[in-house]
Amino acid sequence: MNVDPIIRIERLYKEYVTDAGPVPVLKDVAVTVMPGEFVAIMGPSGSGKSTLMNILGCLDVATSGTYMLNDRDVNSLSRDELAHLRNQVIGFVFQGFNLLPRASLEDNVALPLIYRGTPRTERNARANEMLEKVGLGKYSRSRPNQISGGQQQRVAIARALVNQPKLILADEPTGNLDTHTSQEIMALFTELNQRDGITIVLVTHESDIAACAQRLVRLSDGRVVYDGPVEQAAPAHLETTS
């Protein structure tokens with residue numbers, strides 16, 4: 001049985017227009033991600049990895065090229081259709097936890113369901129289910145400032161999961177965490193990928209974090225210079241860069 005890619009980008013080009021003229025950021029990028037893969041994206045500062053992540057998340061659009069997400073041509077969608085696709089398909093996890101400080105953890109996790117019009121009873125039930133999944137069920141009525149940074153990132157992951165996404169996009173999800181907590185978060189991502197089959201694409205500049213993935217995409221000067229198994233990557237492709 002043929003399985004369609006969840007992400008397929010071809011000949012992707014992105015430039016920003018400045019007062020000094022156009023500045024190319026991504027150049028002829030081609031990447032395919034199949035359902036159930038765990039992919040790490042690495043690259044030095046200015047390599048284009050954050051721009052690529054924004055395009056993958058439908059937060060930015062390419063200047064030219066093709067981007068198919070879950071068999072939909074992203075470039076052909078209206079703003080409302082893009083918002084709907086993001087809400088239905090993607091769960092986001094960022095370096096900053098982006099939690100509402102005055103809301104309970106339950107309400108933070110349930111937030112994406114409000115945009116879908118999910119009834120409150122169902123929202124709360126789903127939010128508590130996701131908090132249990134990330135090991136924080138007993139803290140559902142707590143506020144973010146009452147738990148640790150690592151626990152806050154778990155809440156952010158629970159929020160990303162509450163819509164039952166096919167894809168999680170994680171942008172430097174361990175950047176604000178210590179080594180031990182980072183390892184715990186990566187163990188959770190690995191479990192979600194292997195147990196639940198969720199596709200994960202993760203941007204990082206840390207080689208030990210990238211090593212948790214099955215596959216590495218390395219960018220340099222806006223181009224893909226390596227795309228293959230993490231364990232076969234040359235040391236230069238796994239070096240730690242900011």
Side-chain angles (χ1 to χ4, degrees), residues 4-35 37-79 81-83 85-86 89-96 160 165-175 199-207 209-211 213-230 232-234 236-242:
D4 292 327
I6 190 165
I7 288 172
R8 180 169 61 84
I9 57 177
E10 297 176 346
R11 303 181 304 279
L12 202 73
Y13 178 82
K14 175 67 177 180
E15 67 179 21
Y16 292 106
V17 177
T18 70
D19 291 342
V23 177
V25 181
L26 295 172
K27 310 163 190 173
D28 198 31
V29 171
V31 175
T32 297
V33 178
M34 302 302 293
E37 281 199 282
F38 189 166
V39 181
I41 299 175
M42 293 188 75
S45 179
S47 62
K49 60 185 185 298
S50 294
T51 299
L52 177 59
M53 184 63 99
N54 286 338
I55 291 173
L56 293 179
C58 302
L59 302 172
D60 198 356
V61 294
T63 305
S64 62
T66 301
Y67 176 24
M68 303 292 292
L69 174 62
N70 200 37
D71 217 24
R72 300 284 303 277
D73 183 354
V74 169
N75 293 339
S76 69
L77 302 179
S78 67
R79 181 173 296 182
E81 289 171 328
L82 281 175
L85 185 63
R86 277 197 305 269
V89 177
I90 303 172
F92 293 94
V93 180
F94 300 98
Q95 178 175 348
K166 296 183 178 181
L167 169 68
I168 287 181
L169 297 178
D171 193 355
E172 299 280 6
T174 61
T199 308
I200 298 175
V201 177
L202 177 149
V203 163
T204 183
H205 67 273
E206 301 173 75
S207 57
I209 299 301
Q214 302 152 346
R215 176 176 156 208
L216 173 68
V217 174
R218 176 81 179 182
L219 295 176
S220 180
D221 294 326
R223 299 183 186 275
V224 175
V225 294
Y226 177 83
D227 184 352
V230 171
Q232 295 180 19
H237 290 135
L238 273 170
E239 66 185 0
T240 301
T241 52
S242 59

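Along the sequence shown, residues are numbered consecutively beginning with 1.
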Checklist line | V93 versus A160, closest heavy-atom pair with distance | finding: CG2-CB, 3.7 Å
Checklist line | Straight-line distance of R86 CZ to F92 CZ, nearest 0.5 Å | finding: 6.0 Å
Check: Any chance CG of D221 has more than 12 other-residue heavy atoms, nucleotides or ligands included, within less than 6.0 Å?
Finding: no
Check: For T32 and R8, which heavy atoms make the closest approach, and how far apart are they?
Finding: OG1-CG, 3.9 Å
Item checked: Residue pair K49 / P44: nearest heavy atoms and the distance that separates them -> NZ-O, 3.5 Å
Item checked: Distance (rounded to the nearest 0.5 Å) between L26 CG and Y16 OH -> 7.5 Å
Check: How close do V225 and S220 get, heavy atom to heavy atom, and via which atoms?
Finding: CG1-CB, 3.9 Å
Note to self: Return the NE2 to OG distance between H205 and S45, rounded to the nearest 0.5 Å.
What the structure shows: 10.5 Å
Notebook entry, point to check: Could you walk me through whether Q95 and D171 pass the side chain to side chain contact (heavy atoms under 4.5 Å, CB included) check?
Noted result: CA-CA 6 Å; Q95 178 175 348; D171 193 355; over 6 Å; no
Check: Distance from L82 atom CG to L77 atom CG, nearest 0.5 Å?
Finding: 5.0 Å
Checklist line | Non-hydrogen atoms of R218 and G43 that approach each other most closely | finding: NH1-N, 3.8 Å
Margin query: Tell me the closest heavy-atom pair linking T51 and K14, and the distance in Å.
Written below: CG2-CG, 3.8 Å
Notebook entry, point to check: Under a 4.5 Å cut-off applied to non-hydrogen side-chain atoms, are E172 and T204 in contact?
Noted result: yes
Checklist line | Point-to-point distance, once rounded to the nearest 0.5 Å, from OG1 of T199 to CD1 of I90 | finding: 11.5 Å
Check: Are the side chains of I6 and E37 in touch, meaning some heavy atoms are under 4.5 Å apart?
Finding: no
Note to self: Which residues pass the side-chain contact (heavy atoms from CB on, under 4.5 Å) test with F38, not counting sequence neighbours?
What the structure shows: M186, F189, T190, N193, I200, L202, A213, Q214
Check: Roughly how far, to the nearest 0.5 Å, is CD1 of I7 from CG of L169?
Finding: 6.0 Å
Check: So which of V74, L52, I55 actually passes side chain to side chain contact (heavy atoms under 4.5 Å, CB included) with I9?
Finding: L52
Next item on the list: List the steps and the verdict of side chain to side chain contact (heavy atoms under 4.5 Å, CB included) for L219 and V224.
Entry: CA-CA 5 Å; L219 295 176; V224 175; 3.6 Å; yes
Atom pairs and distances, side-chain donor-acceptor, residues 61-72, under 3.5 Å, sequence neighbours left out:
from : atom 1 : to   : atom 2 : distance (Å)
T63  : OG1    : E15  : N      : 2.9
Y67  : OH     : L56  : O      : 2.6
N70  : OD1    : K166 : NZ     : 3.4

Next item on the list: Quick one: do V217 and M42 satisfy side chain to side chain contact (heavy atoms under 4.5 Å, CB included)? Show the steps, please.
Entry: CA-CA 6 Å; V217 174; M42 293 188 75; over 6 Å; no
